[in-house]
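Take a look at the structure set out below.
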Amino acid sequence: MPNIPAPVDATKTAAWKALQDHHDKLVANGISLKEWFAEDANRVDKFSFDLNDLHFDLSKNLVTEETIKLLCDLARETGVEDRRTAMFEGVHINTTEDRAVLHTALRRPAADAGKLVVDGQDCVADVHGVLDRMYAFADRVRSGEWKGVTGKAIKNVVSIGIGGSDLGPVMVYEALKPYADAGISVRYVSNIDPNDISEKVKGLDPETTLVIVVSKTFTTLETMTNAREAKAWLLNGLKASGAIDGSDASVAEAVKHHFVAVSTNLKLVEDFGIDPQNAFGFWNWVGGRYSVDSAVGLSLIIAFGPKVFEEFLAGFHDIDRYFCETPLEKNVVALMGLINVWYNNFFGAESHAVLPYNQYLHRFPAYLQQLTMESNGKSTRWDGTPVTTTTGEIFWGEAGTNGQHSFYQLIHQGTHLIPADFIAFANTANPAKDGEQDVHELFLSNFLAQTKALAFGKTADEVRAEGTPEWMVPARCFSGNRPTTSIFGVKLDAHALGELIALYEHIVFVEGTVWGIDSFDQWGVELGKQLAKQITPAFHDDEALAQQDASTQALIAFYRAHR
Ligand code: F6P
């Protein structure tokens, strides 16, 4: 194991015991946000934070000043500050893979070259070397200087990847659509289900399509299968239209003009037939789910241009610096992680909703699911010992107001406590009026109404006063005290989005550190991959079928009978 300190058992700390007593006292006295707001005119001020273009309101959480103090004690006792420094300095805190965790190096300014040399590598200089190549390449594609094999400019990009090589780029592409200014659209293919690629290439002209194969390892089954499918589609199309004659030389030329790659494994990229000059690298100290701001974001640079990507990186870096430099008690990034621990471990909350009140962020919850759950869905600590408490909440969500007409009922009146983050912006890319009514204000009033209803509820007396029959009163009451955090931004742009992503990356880090988890490996996805390889032959081979368990055999028998 790398030479890093063993995790502190959070449950054995003085802060944990104090938090447990504090929790029990709060519950015994009756938690009432309504009363807490009435008793303290400064509650909102005390729990509000301004960070560049983002405003955070934590006042509707089930916390008091004492809670915050104790949670910060817990962070100190479990070594959050020291491990934060270790991460930023490139210590191998990813113990099971013996790797540094340096996604924060991806957004450091070029002037920091030479300041972060890890395992003999000048990380920041290398990052900017690749960024410069990507910017030059993207400029050529965007201006039409880069041509397909028949001399036509690129109009569409198909980006092939999965997990961290897909979820980040798709989410950001959707989020920043108003900034796409080159007339180039991007389609993302991830699922190995052939339905995905078939639908995504529909209507595209191979002569004006660029394919980006994005895979950290360049071995992932889904991505490599889809990359071969895309190659076949492109070459067949070019042959059918007479654009190429199908000779080896013409095929190689077509691949050179229409395929580029993003990977840490440049040898396999070359083996696939992609010109190494058209490959953009990153490094094993960038985890897949932490990679959207690496070369994995190439499709975004093509769609939005280098300037927007620079602003995106600056947003991340601003949060990194804030997270490092701000004392815990005033550090909203650390506090959001610690408050999640509070709900998870002391209130038994098993899930956490993320509810963006901006349609452009509709893929943000899906993106966060990988970031949070692949990172902290673990039962083993970074030294191989079992965790000592529950870990890893289930993150989920949906863009407002769609969620309101779907699952909010359960958040308001169900039996589960579901802390929720609401994310909204003061300005919209698409102002609209419905008569005299500003539609964005109508939308924002829903965001405010939901957090208000969740916090303060509706009493039986209020329900009765509306003339509700007595037997129906309980069904129409709202308990309140359902915790929310509001993140209110000026507008959804590249900088704000970079900030939001970095915020959640560090929330994950804080929670993982308190629990003693290596948030940067993902062994839990391996078994399924291995078994899929073993099962594939069983569809046609009786010997392979006989080696399967009874249930798998029966399912394959159904398949054989019906196809
Ligand atoms: O889901 C497992 C995983 O390893 C992720 O961590 C990663 O983002 C994804 O697969 C894709 O891997 P690659 O970029 O190597 O194709």
Side-chain angles (χ1 to χ4, degrees), residues 93-103 106 130 134 158-173 188-193 196-197 211-231 259-272 274 279-300 363-378 380 382 392 394-395 501 504-505 508-509 512 517-533:
I93 64 166
N94 176 352
T95 51
T96 68
E97 296 179 310
D98 194 10
R99 289 178 184 167
V101 173
L102 277 173
H103 44 277
L106 297 169
V130 175
M134 289 203 294
V158 173
S159 180
I160 299 175
I162 197 164
S165 296
D166 171 73
L167 287 162
V170 184
M171 181 277 283
V172 176
Y173 180 68
Y188 292 88
V189 177
S190 54
N191 203 326
I192 196 169
D193 180 344
D196 194 8
I197 190 158
V211 179
I212 309 179
V213 184
V214 186
S215 175
K216 181 174 171 182
T217 54
F218 229 69
T219 57
T220 303
L221 178 71
E222 292 88 340
T223 301
M224 298 326 296
T225 306
N226 280 325
R228 285 188 290 272
E229 292 271 303
K231 206 188 212 178
F259 272 79
V260 298
V262 171
S263 185
T264 58
N265 196 335
L266 298 180
K267 162 86 181 63
L268 291 184
V269 169
E270 198 172 351
D271 292 350
F272 185 85
I274 295 176
F280 302 91
F282 60 116
W283 307 272
N284 70 12
W285 37 261
V286 181
R289 53 195 175 274
Y290 297 86
S291 67
V292 64
D293 46 343
S294 71
V296 166
L298 180 62
S299 58
L300 305 172
R363 293 288 295 170
F364 196 59
Y367 167 76
L368 283 187
Q369 286 187 327
Q370 188 202 17
L371 178 66
T372 57
M373 298 202 277
E374 197 165 83
S375 295
N376 283 341
K378 315 269 167 74
T380 305
W382 68 65
I394 299 150
F395 274 75
I501 299 172
Y504 281 94
E505 286 176 350
V508 165
F509 170 83
I517 281 176
D518 176 353
S519 304
F520 307 100
D521 62 11
Q522 58 285 316
W523 297 105
V525 295
E526 288 306 316
L527 179 60
K529 286 190 202 170
Q530 286 166 11
L531 293 181
K533 272 193 203 146

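Everything numeric in this text was worked out from a predicted model, so none of it was measured. Both counts, for ligands and for their atoms, begin at 1 and track the order of listing.
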Backbone or side-chain N or O of Gly164 under 3.5 Å from ligand 1 N or O =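 It does: an N or O of Gly164 is found under 3.5 Å from an N or O of ligand 1.
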Handout entry: Nitrogen or oxygen atoms of Lys216 and ligand 1 under 3.5 Å apart
Key =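 Yes; the residue has a nitrogen or oxygen that sits under 3.5 Å from a nitrogen or oxygen of the ligand.
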Q) Counting N and O atoms only, with roles assigned by atom type, does the side chain of Asp166 sit under 3.5 Å from a partner on the main chain of Ser190, one being a donor and the other an acceptor? A)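 No.
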Who gets closest to atom 6 (O) of ligand 1 by heavy atom: Glu374, Arg289, Met224?
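Heavy atom nearest to atom 6 (O) of ligand 1 belongs to Glu374.
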Counting heavy atoms only, which part of Gln522 comes closer than 4.0 Å to ligand 1: side chain, backbone, both or neither?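 Under 4.0 Å from ligand 1, Gln522 contributes side-chain atoms alone.
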How does Val525 reach ligand 1, by side chain, by backbone, by both or by neither, if only non-hydrogen atoms under 4.0 Å count?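 The answer is the side chain of Val525.
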- Query: Counting only heavy atoms on the protein side, is anything nearer than 4.0 Å to atom 10 (O) of ligand 1?
  - Reply: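 Flag for atom 10 (O) of ligand 1 set to false, no protein heavy atom closer than 4.0 Å.
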If you count the atoms of ligand 1 from 1 in the order shown, which ones are under 4.0 Å from a heavy atom of Thr220?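 Those of ligand 1 that fall under 4.0 Å from Thr220 are 12 (O), 13 (P), 15 (O), 16 (O).
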> Got a second to check how far Ser159's OG is from Leu300's CG, nearest 0.5 Å?
Replying inline: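 Separation between the atoms: 8.0 Å.
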* Given Phe282, which of Thr264, Leu106, Asp293, Val130 fulfils the side-chain contact (heavy atoms from CB on, under 4.5 Å) condition? ->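 With Phe282 as partner, side-chain contact (heavy atoms from CB on, under 4.5 Å) holds for just one option, Thr264.
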Parallel, tilted or perpendicular: rings of Phe272 and Phe218 (30°, 60°):
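Rings of Phe218 and Phe272: perpendicular, as their planes differ by over 60°.
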Check: In this structure, which one of Glu374, Gln370, Glu505 forms a side chain to side chain donor-acceptor pair (under 3.5 Å) with Arg289?
Finding: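 Between Arg289 and the candidates, side chain to side chain donor-acceptor pair (under 3.5 Å) is satisfied uniquely by Glu374.
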